[in-house]
Each structure stands twice: as C-alpha cells, then as structure tokens.
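This report concerns only the one structure given below.
These values consider heavy atoms only, across backbone and side chains, with no hydrogens, waters or symmetry-generated copies. What you see is a predicted model, and the numbers here were worked out from it, not measured in a lab. In what follows, every chain begins at residue 1, and chains take the letters A, B, ... in the order their sequences are listed.
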Amino acid sequence: MTFGKGHHLHLIDGSAFIFRAYHALPPLTRKSDGLPVGAVSGFSNMLFRYIENNNGADAATHVAVIFDYSGKTFRNEIYPQYKAHRPPAPEDLIPQFPLTREATRAFNVSCIEIEGFEADDIIATLSCQARDAGARVTIITSDKDMMQLVGGGVEMLDPMKNKRIDSEGVEEKFGVGPNRVVDVQALAGDSADNVPGAPGIGIKTAALLINEYGDLETLLSRASEIKQPKRRESLINNQELIRVSRDLVQLDCDMNLDFTLDSLEVQVPNVEDLVGFLAKMEFRTMLKRASDRFGIDAPNLPDAPAGGGGASIAQQAAVPDAKPFDLDAYEHVHTIGALERWIDAIYERGYVAVDTETTGLDAMQVDLVGISLCVEAGQACYIPIAHKAGDDDLFGGDSLVEGQLPMDLVIDTLRPMLQDPSIVKIGQNMKYDAKIFARYGVTVAPYDDTMLMSYALHAGIHNHGMDALSTRYLDHTPIPTKELLGSGKSMITFDKVELGKAIKYAAEDADVTLRLWQIFKPKLHVEQVTTVYETLERPLSPVLVQMERNGIKVDRDVLSRMSNTFAQKMAGLEAEIQELAGQPFNVGSPKQLGEILFDKMELPGGKKGKTGAYATGVDVLEDLASEGHELPARVMDWRQLSKLKSTYTDALQTFINPETGRVHTSYIQTGAVTGRMSSSDPNLQNIPIRTDEGRRIREAFVADAGKKLISLDYSQIELRILAHVAKIDSLKQAFRDGHDIHAMTASEMFGVPMEGMDPMIRRQAKAINFGVIYGISGFGLARNLRIPRKEAQGFIDRYFERFPGIKEYMDETVAFAKEHKYVQTLFGRKIHTPEIAAKGPQAGFAKRAAINAPIQGTAADIIRRAMIRMPAALADLPQDVTAKMLLQVHDELIFEVNDDACDMVIEIVKDVMENASEPAVKLDVPIEVDAGIGNNWAEAH
DNA sequence: GGGCTCACG
DNA sequence: GACGTACGTGAGCCCG
C-alpha cells in the first residue's frame with residue numbers, strides 16, 4: 001500500500017537523543033574492552049521503550065530515526081559562525097556515534113543521515129512530504145526549531161515532558177502560529193546555534209512585532225514606523241543579519257531523497273540482529289528484556305568476557321580478568337555425597353560441561369573410564385569409574401584402583417540429570433560422548449556442542465579441535481593427550497593412567513569446554529549465526545548419533561571373495577607389467593614406476609614435480625596409453641584393483657563391529673567448510689560406483705533379514721540451486737518442465753534441437769554445467785573435456801553470453817567475498833574466505849571456492865534439514881514398521897526398512913526431502929528426489 | 001609425516 | 001607474457 005492517508009509517520013531526532021543519553025547517564029563502558037557505551041546504552045533503551053510503547057491510537061505505521069551527518073552543512077556557507085561556538089563532541093562520545101546507527105538498524109528501524117544536511121532538514125522534508133500525502137506526522141524531539149513544521153497533521157512530541165505540541169502549543173511557545181515561527185526566530189536569534197538575530201530583540205518582542213506587522217518582510221520594510229527607538233534602530237541596522245538568520249533557521253523542505261516514505265514502514269525487529277547487537281554491546285539487562293519479549297534463550301554473557309569485535313585475536317584470547325587454570329584445584333569425586341553435591345550445583349545453574357574418558361576412540365566399542373563435570377570456570381571435577389591397576393591379577397584381569405565409585409551407581413545417579421530437559425549439557429564433540437552414554441543406557445539431552453558452535457562461527461578460519469580452540473580463545477594449552485598416553489607401540493589406554501594425572505587432564509577438558517561455551521554462546525548472536533547453529537548444527541548431532549549407532553550390515557564373505565579375485569588379477573597384471581618393463585619393480589611405487597617409464601623406456605612426457613619425482617597420475621598414464629603404450633595401460637588396471645582391494649574389500653572387513661556385525665562410520669559434522677559432512681572410520685561416502693568392477697563392492701552393503709535398503713537422492717540439486725541463486729529463468733523453466741537439463745543447455749548454446757541430440761554435445765554441456773558450479777576456468781574445462789584450451793574458453797564465453805545471470809552471480813559472489821571475507825548459503829551459513837584477499841595463484845583458488853561454497857553449502861543445508869526432520873516423520877509410521885536412517889552421501893540418504901513397507905517409507909522420506917528448504921527458503925525451482933529399493937546398496941541406488 | 005594417487009558427491 | 005587453476009572430502013601407500 002502506498003504511503004498516504006491513514007498512515008502515521010514518526011520522525012525521531014536521533015542526535016538529540018544521543019546527547020541527552022550521554023549527559024544523563026554515567027560514563028558506562030563495555031566490560032570486556034572498556035569501550036565507552038553510555039550514550040549507546042541510553043539511546044538503545046530509549047528506542048526499546050519507544051518500540052514497546054508504539055501501539056494504540058498514536059502508533060506509528062512508519063518510522064525513521066534521523067541523524068546529523070558530521071561535517072559542514074550548507075548553513076556554514078551562508079554564515080560561517082553557525083554553530084561555530086559549539087565545543088567539539090566529547091572524546092568518549094565520538095566512537096559511540098556509529099554504534100547508535102548500528103543500534104537503530106538492530107531494532108530494524110530506518111536510519112537516515114545524509115552528507116551535507118542536518119537532521120532537521122531531513123525531518124522537514126519528510127514531514128512535508130508526508131503531510132502533503134495526507135498522513136499524520138509526529139516529530140519526536142525537544143528541539144524548538146522544529147516547531148515551524150507543525151500544522152496540517154504535523155505535531156511534535158517532546159519526549160522529555162511526554163507532551164504533544166500542536167499549533168496551539170507552538171503559539172504558546174513563540175506567540176505566533178507555526179507559519180511565523182521562522183520570522184520570530186530570525187529576529188530573536190538562537191544562542192544555542194549561534195544564530196545572531198536582531199540584537200536586543202527576544203522572542204516576546206519578536207512575536208509582538210510579527211503579530212503587528214504580519215510577517216518579517218513587511219516588518220523590515222516598515223521598520224521606520226516602529227515607535228520604540230531601540231527596536232527600530234536594531235531592525236534598521238541589522239537587516240542583513242536578520243535575513244541571514246532567517247535563512248539559517250528556515251528548514252529545507254525540498255531535499256531530494258533517494259528513498260520513499262513507503263520504505264519507512266514499521267518492521268518487527270529481527271531477533272537475531274537485535275540480540276546480536278545487545279550481546280556485542282554486553283547490555284545484560286536489555287538482553288534479558290529482549291530475550292523475554294521475543295521468547296528466546298538469553299545468550300549467556302560471561303562474567304569475564306573475552307572481548308568483542310575489533311579486538312585482535314590475541315587480545316580476544318587474552319581474557320583480562322579470566323580465572324587462570326589451576327589443575328590442582330579440580331576435585332576427585334569418589335563418594336556418593338560428593339557426586340550429589342555436584343548434581344545440586346548443576347541444578348542451581350541449569351547447565352554443565354561434561355566430558356567422558358574412555359579406553360579408545362571407537363565410541364561403538366570402547367569402555368567408559370570416567371566422567372568429568374564443570375559448572376563454572378575453574379570449578380571442575382573428575383569421577384573415575386574404571387581405572388585399572390595394570391597388575392594382571394590371578395584371573396587375567398586388572399583390578400580396579402582405589403578411590404572410585406561403582407559404574408552402575410555413578411550412571412544411575414547422573415542419568416536423571418543427563419536426561420533432564422531443563423539441564424543443558426555442554427560438550428566438545430558431544431556426539432562422541434552421547435554415543436558412549438547411549439551404550440550405558442543414558443540418552444543425553446539436550447546438549448550444546450562447542451565444536452559445532454565454533455564451526456558455525458569460524459568455518460574457513462580455523463579448525464575446531466579443543467586444543468586449538470583453547471589455545472586460541474582461552475590462551476591456555478591443555479595437557480596434550482600424548483603426554484598422558486604416550487604414542488606408538490608403548491601407548492597406554494586411559495584406564496591405565498594414574499589417577500592423579502587423570503583428574504587433572506579430564507577435569508581440565510570439561511573446564512576448557514565450559515569456558516569456550518561461555519565465549520561462543522554470545523558470539524553466535526554477534527556473528528548472526530545463532531539460527532545456523534540452532535537449526536542446522538545442534539539438532540543434527542543427535543540424528544547422527546542414531547545413524548552411527550544404527551550402522552549398516554556388511555557381508556564379510558562377499559568382500560573377502562572379492563579380495564581374493566582382485567589379488568589374483570593383480571598378480572597376473574604385475575607379472576605382465578614387469579615383463580613389459582623388462583625387470584622386476586614395485587608397481588605400487590610411483591617413484592619406481594616413473595623411472596621405468598621415463599628413464600628406462602624413455603617414453604615422452606616425463607614431468608617432475610616439486611619433489612623431483614616423475615608424475616605418474618592417471619592423466620599421464622592415459623596419455624601414454626592412448627599413444628598405444630601397453631605398460632601404462634596395465635598399470636592403470638593394476639592401480640584400480642589395488643585401490644579397490646586395499647581401501648575397500650580388505651579395509652572394510654576390519655570395520656565390521658564384532659557385536660553388531662555392522663559397520664558404524666563416524667560422521668564429522670564439521671568436516672567440510674561448506675556445511676557438508678565427511679565420513680571416516682571408514683569413509684562410507686566414497687564407496688565406488690563409477691566402474692562396474694568397483695560398483696560391485698556395494699553388493700556387500702546389505703539389508704538385514706526381512707528388510708530392504710532404500711536409497712533416495714536429490715536430482716541435480718546443485719544445478720537447481722544455481723538456477724535459483726543466479727536467477728536463470730530458462731534453467732528454472734527447464735527444471736519445472738522436467739527437461740533434460742544438460743541437453744537443454746547444449747541446445748541453448750549450440751542452437752541444436754533437443755530431440756536426437758548428439759551425445760557428445762550433451763556431454764560437453766554437462767561438463768560446463770558442472771564447471772560453473774566449481775568456478776569454471778578455460779583450463780579446467782579443457783582438461784576435463786580433453787579439448788584445446790581455446791575451444792574450451794570459447795564454450796565458456798558462449799555459455800556466459802546465453803546465461804548472463806551466471807556471470808553476474810559469480811562476479812557478485814566474489815565481490816561479496818572480497819568485501820565481507822565470507823560468503824553465505826541461502827540459510828545464512830557463513831563460509832569464511834580469508835584467502836580471497838590473497839595475491840597470486842591462491843587468489844584464483846579462493847575465488848572458485850567462494851563461487852562454489854554457497855551452492856554446495858546450500859545443498860548441504862537442505863539435506864541436513866531433511867535429516868533433522870526425519871526422526872519425527874518416521875515416528876508416524878505404524879508400530880510394526882521399522883525404518884532406520886543409516887547413511888548420508890552428500891545428496892543421498894540410505895534407509896533400512898521392513899521389506900513390505902518400502903513404498904510407504906519412500907513416500908514419507910521423499911516428501912521430507914523435497915520440502916526440506918521450506919519454510920525458511922522458498923526455491924524457484926522444484927526439488928526432486930529419486931528413489932530405489934534393493935537387497936543391497938548396488939541394487940538400491 | 002608429507003606427497004601422491006584415487007575413491008566419492 | 002608466464003604461471004597455474006575446475007569445488008568439497010578421506011584413506012592407503014611409498015619413502016625419507
């Protein structure tokens with residue numbers, strides 16, 4: 001709706017508020033770094049109260065805060081002394097000016113300042129425009145200069161006295177109506193602004209004269225008629241000064257503004273912006289108030305915060321009044337009374353940092369050794385449970401060390417707290433601890449994870465391991481694990497660590513975790529990634545716990561048979577290769593192979609890398625093979641088999657859990673900077689599929705008896721996202737119409753019909769489509785398609801010509817990265833790109849990564865959202881149907897389902913996946929999911 | 001432990 | 001004008 005009748009515009013004089021706040025409040029400073037924030041605080045408070053009270057009959061429909069722009073204005077040109085006697089702003093107020101603008105924006109209120117103009121003129125222009133449009137206007141200020149604007153629906157509101165001023169109010173003050181206020185001011189002058197006026201004439205006299213003569217010009221022309229000599233002389237002798245004064249006080253109603261009144265419509269504050277700002281400023285009371293009002297968790301500001309924006313990392317790390325780490329102060333909990341006291345302390349606060357110590361790294365197999373807790377920086381304990389003496393008693397087992405509570409008692413005592421929805425459990429990589437606890441019958445919930453917080457905050461800046469985070473943010477290096485357990489052959493397990501040392505190490509970890517949490521929690525708001533953390537990171541972790549615990553059944557016999565076959569084939573190839581080489585050598589050694597190829601056989605194309613070794617990668621071997629050389633071709637075959645055998649058919653067998661008969665991968669939620677996960681121990685995200693021989697490995701991944709595996713994967717999700725973010729209408733339409741997207745691209749580019757297209761042309765278009773997602777280069781495309789570089793560049797040029805939006809997207813993304821040092825997904829995930837400023841070859845790298853990250857990252861966010869919603873969606877299934885989510889492979893999810901329920905489950909899962917972006921993001925392209933069913937992964941995919 | 005190679009999306 | 005480039009991962013192997 002266009003601004004006009006029925007609307008009510010509030011214009012807030014920001015500068016006036018700043019000064020008032022500054023003088024009214026004691027000189028507050030931000031606790032962490034001493035930044036003066038008194039005026040910002042007062043200003044923010046005022047704005048907060050304003051917003052809370054903006055209801056009822058006088059409520060604004062449109063609002064703006066207007067600020068003075070520092071520097072000279074046109075009035076200084078008319079009269080150099082204008083406001084010249086004003087002392088400069090106090091030193092501790094100056095840094096607060098930009099912060100008040102930030103505060104205004106944080107409250108989602110329009111914030112206006114224009115170079116060369118005072119706030120008064122902007123207010124005048126806006127109020128005239130609004131009045132002419134037939135709307136109501138309220139100018140919120142105590143500056144009497146603004147009274148000339150009153151009338152015709154315009155009123156003033158003096159916030160000091162909370163008094164509305166209409167035309168009558170103006171007359172009370174100036175003795176004339178609003179339209180003559182300027183005349184009175186011109187005569188009376190204004191000492192505050194150094195406006196001269198006519199000497200000896202004040203407001204009273206001025207009003208009297210104006211009322212008598214009608215207006216200023218008439219008065220001046222008839223000045224000689226004035227009876228009182230003093231007044232007469234003053235007017236006659238100071239005509240010029242009076243006219244200048246009039247020009248100074250006359251507000252400019254005709255400024256050219258580059259925005260419309262419509263754009264000032266009242267907005268609901270964005271909670272994240274607001275809370276982020278208040279947290280950054282460390283305004284505890286307002287933070288609480290905002291949190292209450294918007295029904296969110298108040299971010300915890302640490303008592304001794306680690307510094308805010310602007311400070312260097314080193315300064316941030318050096319917590320000025322932080323408690324030092326005292327490893328001797330940690331408590332050894334070995335009585336039930338002590339344990340209960342800790343639980344009481346936890347309930348007093350509502351949160352606790354938890355860490356588990358175990359006999360190894362595989363959470364599906366290791367034993368729990370002890371638990372550490374921390375409720376406050378420096379206040380941590382360790383509860384040893386299963387530390388062993390290492391004395392190999394008569395029965396072949398080690399005896400438990402003294403000073404430990406029984407396992408069952410500890411678990412049973414802690415369980416209610418660990419499962420209590422009102423107690424936040426805090427961990428570093430809590431997925432691991434949650435998996436351990438799950439095996440002891442405890443479902444830890446809810447929990448925060450400092451590793452995930454760091455990931456939401458710092459992806460692309462640094463890694464998120466505890467030692468690194470502690471060193472960086474707490475300026476404290478924890479005891480290295482190596483120091484405790486040793487390394488290599490003589491490494492011991494944690495249960496053999498001497499109790500005294502174990503207490504220090506374990507409790508320290510909980511202490512570090514709690515302190516990191518105290519720093520990261522408010523920082524999430526400041527960096528505006530709270531939503532990312534709370535909707536994409538925290539809720540995914542328990543889902544992964546379940547998936548990893550589910551595992552997938554792997555048939556050892558299938559793998560072992562394949563291993564044997566591969567071994568035989570490899571032996572045959574090895575003999576053949578050595579025959580061709582004319583000597584025995586280690587085929588698996590790139591170095592030896594290089595020497596055979598390029599020194600002994602003197603084949604062309606030998607290129608040495610930086611280590612001085614010949615390169616023998618596939619592309620090199622392929623080139624040689626295509627020239628008809630037999631040996632490199634055989635080496636390629638051998639390598640393929642070697643890879644399949646060592647990485648898959650052999651290695652996978654060692655990962656079959658003896659208890660479950662299944663393979664339990666571990667997902668690293670922070671594995672890729674883009675928001676993708678990675679999988680390890682074993683990596684189940686790179687099981688072969690591209691060759692027939694490799695693909696058969698998937699036959700070893702099987703469904704349990706009476707069940708099937710189903711696989712659902714997003715179709716072309718990254719290209720769809722590209723079409724959306726780059727706003728390519730033809731691509732979007734092709735997706736809506738369900739066309740073959742690569743054929744359509746080819747058709748656009750080369751002007752050939754989609755029907756009966758040459759597969760070669762389509763292949764090239766497909767390569768370009770993918771290239772675009774990766775930040776295409778002529779070189780890369782040329783290499784991929786094995787065509788001359790010039791030709792590849794020609795393709796790219798034509799592509800950009802046909803789809804100009806793509807080039808625009810790329811340029812805009814790179815520009816954004818350069819400006820902000822990060823890029824974002826559609827869901828707000830930040831991927832930091834510090835390298836973007838680099839010079840040299842890294843610059844190209846960084847550019848392409850910046851282009852790719854929003855696309856890959858958005859796709860990653862979408863599947864995460866689907867995964868997070870999956871447990872609830874599957875919970876609606878009938879009682880007798882079990883459907884378990886087992887694996888994620890970037891755009892694919894694998895489930896294990898009762899074989900008679902596959903269709904039902906597919907329907908549900910598909911629905912969740914296809915609508916996962918909503919309601920947060922509405923894509924302009926449909927998202928489609930393909931499904932497959934089988935007894936094993938090869939069949940299902 | 002770094003570099004190379006290669007498996008996946 | 002030369003250089004060096006597709007994006008994101010994890011793992012096994014060789015070799016110093």
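- For an aromatic pair to be called close, the ring centres must be under 6.0 Å apart, and Tyr822(A) with Phe816(A) satisfies this.
- Contacts of Ile668(A) with the nucleic acid, taken as non-hydrogen atoms under 4.0 Å apart, involve only primed sugar atoms and P, OP1 or OP2.
- Between Ser777(A) and dG4(C), a side-chain N or O to OP1/OP2 separation shorter than 4.0 Å is absent.
- For dG10(C), one of the phosphate oxygens OP1 or OP2 lies less than 4.0 angstrom from a side-chain nitrogen or oxygen of Ser678(A).
- Closest to the side chain of Pro590(A), out of dC14(C), dG9(B), dA7(B), is dC14(C).
- Applying the 4.0 Å criterion to OP1 and OP2 of dA6(C), one finds that Arg848(A) has every side-chain N and O outside that range.
- When both pairing distances are held under 3.5 Å, dC13(C) makes a Watson-Crick or G-U pair with dG3(B).
- Counting non-hydrogen atoms under 4.0 angstrom, Asp713(A) reaches nothing in the nucleic acid.
- The phosphate of dT9(C) (OP1 or OP2) has no side-chain N or O of Asn683(A) nearer than 4.0 angstrom.
- Salt bridge present: Glu718(A) and Arg676(A) bring a charged side-chain N and a carboxylate O closer than 4.0 Å.
- Residue Ala792(A) is classed as having no contact, given no heavy-atom separation below 4.0 Å to the nucleic acid.
- Residue Ile687(A) is classed as a sugar-phosphate contact, given heavy-atom separations below 4.0 Å to backbone atoms only.
- Of the charged side-chain nitrogens involved, at least one lies within less than 4.0 Å of a carboxylate oxygen, so that Glu548(A) and Lys431(A) count as a salt-bridged pair.
- Taking the ring centroids of Phe750(A) and Phe795(A), they lie under the 6.0 Å cut-off.
- At the heavy-atom level, Arg695(A) lies nowhere under 4.0 Å from the strands shown.
- Look at Arg783(A) and you won't find any side-chain N or O under 4.0 angstrom from OP1 or OP2 of dT5(C).
- Of the candidate nucleotides dC6(B), dA7(B), dC14(C), dC6(B) has the atom lying nearest to any side-chain atom of Arg639(A).
- The shortest distance between the side-chain N/O atoms of Arg676(A) and the OP1/OP2 oxygens of dG9(B) is not below 4.0 Å.
- dC6(B) sits 15 Å from dA6(C) when the P atoms are compared, rounded to a whole Å.
- Listed candidates were dG8(C), dT5(C), dC8(B). Nearest to the side chain of Phe779(A) is dT5(C).
- To the nearest whole angstrom, the two P atoms, one in dT5(B) and one in dT5(C), are 13 Å apart.
- Taking only side-chain nitrogens and oxygens, Lys591(A) comes nearer than 4.0 Å to OP1 or OP2 of dG16(C).
- The side chain of Ser646(A) contributes no N or O atom lying less than 4.0 Å from OP1 or OP2 of dA11(C).
- Residue Gln592(A) places at least one side-chain N or O under 4.0 Å from the OP1 or OP2 atom of dC15(C).
- Ion pair Lys807(A)/Glu801(A) not flagged as a salt bridge, since none of the NZ, NE, NH1 or NH2 atoms sits closer than 4.0 Å to an Asp/Glu carboxylate oxygen.
- Among the protein residues, Asp891(A) comes within range of the sugar-phosphate backbone only, with heavy atoms under 4.0 Å from sugar or phosphate atoms but none that close to a base.
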